[in-house]
Amino acid sequence: MSESRRYPEEIAGPFEAPPFAFEDREGREIEIRPHDGSDEEFEALVEMYTAFDPADRAQGIPPGQERRIRDWLDNILAEGCLNVIAWDGEDAAGHATLVPDGDASELAIFVLQAYQEAGIGTYLMEVLLGHGAENDVEKVWLTVERWNRAAVGLYKKMGFETSDSESFELEMTLRLSDG
Amino acid sequence: MKVLLGVGGSEDSIRAVERTVSRAAAAGDELTVAIVENDDADRTREEVEARVEEILADAGVEAEIRHLEGDPGSRLVDTAEEEDFEQIVIGGGQTSPMGKINLGSISEFVLLNSHVTVSLVR
């Protein structure tokens, strides 16, 4: 991976910090909270990713089998990572994460199929970036499949700019704070 | 089978060497290792060659090692087509901190341009 990514000069945001509650377009009460480190939340995420439609996987994640899902979650819920989860009561409806990578963080976001196209992804992004800013995350990058116009549009709306369009996947970056 | 293994020196390309060599040992493939330039890799060509020789020796597999100069993707595809290789093998991509698989530019070129079957090693 290239370590010399270009980032926008301007700081994006401000973004809403968690916790954040709203009614989605289907009339469900959704609350976005930082991951509290509990086993209950871990298991709720395992359940969400086990139910995840394989057609919505991107670049190999989320993985397909429960064992691999657990290994992957161990990795991205570890100390130093920032995670927010969108809850519909006890059920995890979506999850967004910032994983440290040198002086920046890699971002990913997932919304369970039954909860897609209800406005949850936009709020998840907003609140994850708010959570990142309050934790002094300076720079954020992500990769996205270039055909995924909906995702690219969402990232642009948040202030992400394309930093590398020469690979299979589009790379986008955002400056979140002065650190 | 006559196999051309492309190695640029990235982690995934070294893993591809290990897996392809052990397959060659089991299946009796006729293996040629082509070391190519990969600007994204940390290892020098000499380090890559030393590592490849070590893996071959450990598995007791004989293979020709050669260096391809110039654009790595096109040189691999050209070599495979000109010399009637049956398969090109290359690394299956790097994994980001998040766990996302990212294909490098060499893999992309080979996949899109090769008329010879391509294997990506995961």
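Note on naming: letters A, B, ... go to the chains in the order of the sequence lines (proteins, then strands), and numbering restarts at 1 for each one.
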Considering only heavy atoms from C-beta outward, does the side chain of B:Met98 approach that of A:Gln59 to under 4.5 Å? no
Heavy-atom distance under 4.5 Å to chain B: side chain of A:Thr97, backbone, both or neither? both
Under 4.5 Å from any heavy atom of chain B - which part of A:Pro62: neither
Proximity breakdown for A:Glu169 and chain B, heavy-atom pairs closer than 4.5 Å: side chain
Can you tell me if CD on B:Glu54 sees more than 12 non-hydrogen neighbours from other groups inside 6.0 Å? yes
So for atom CD, which belongs to B:Glu62, do other residues, nucleotides or ligands contribute more than 12 heavy atoms lying within a distance under 6.0 Å? no
Residues, nucleotides or ligands: over 12 heavy atoms within 6.0 Å of A:Arg68 CZ: no
What do you reckon, is CD of B:Glu108 surrounded by more than 12 foreign heavy atoms closer than 6.0 Å? yes
Of the backbone (N, CA, C, O) and the side chain (C-beta and beyond), which part of A:Leu142 lies under 4.5 Å from a heavy atom of chain B, both, or neither? neither
B:Pro97 to A:Pro100 - nearest heavy-atom pair and separation: CB-O, 4.0 Å
With a cut-off of 6.0 Å (strictly less than), are more than 12 heavy atoms of other residues, nucleotides or ligands near NZ of B:Lys2? yes
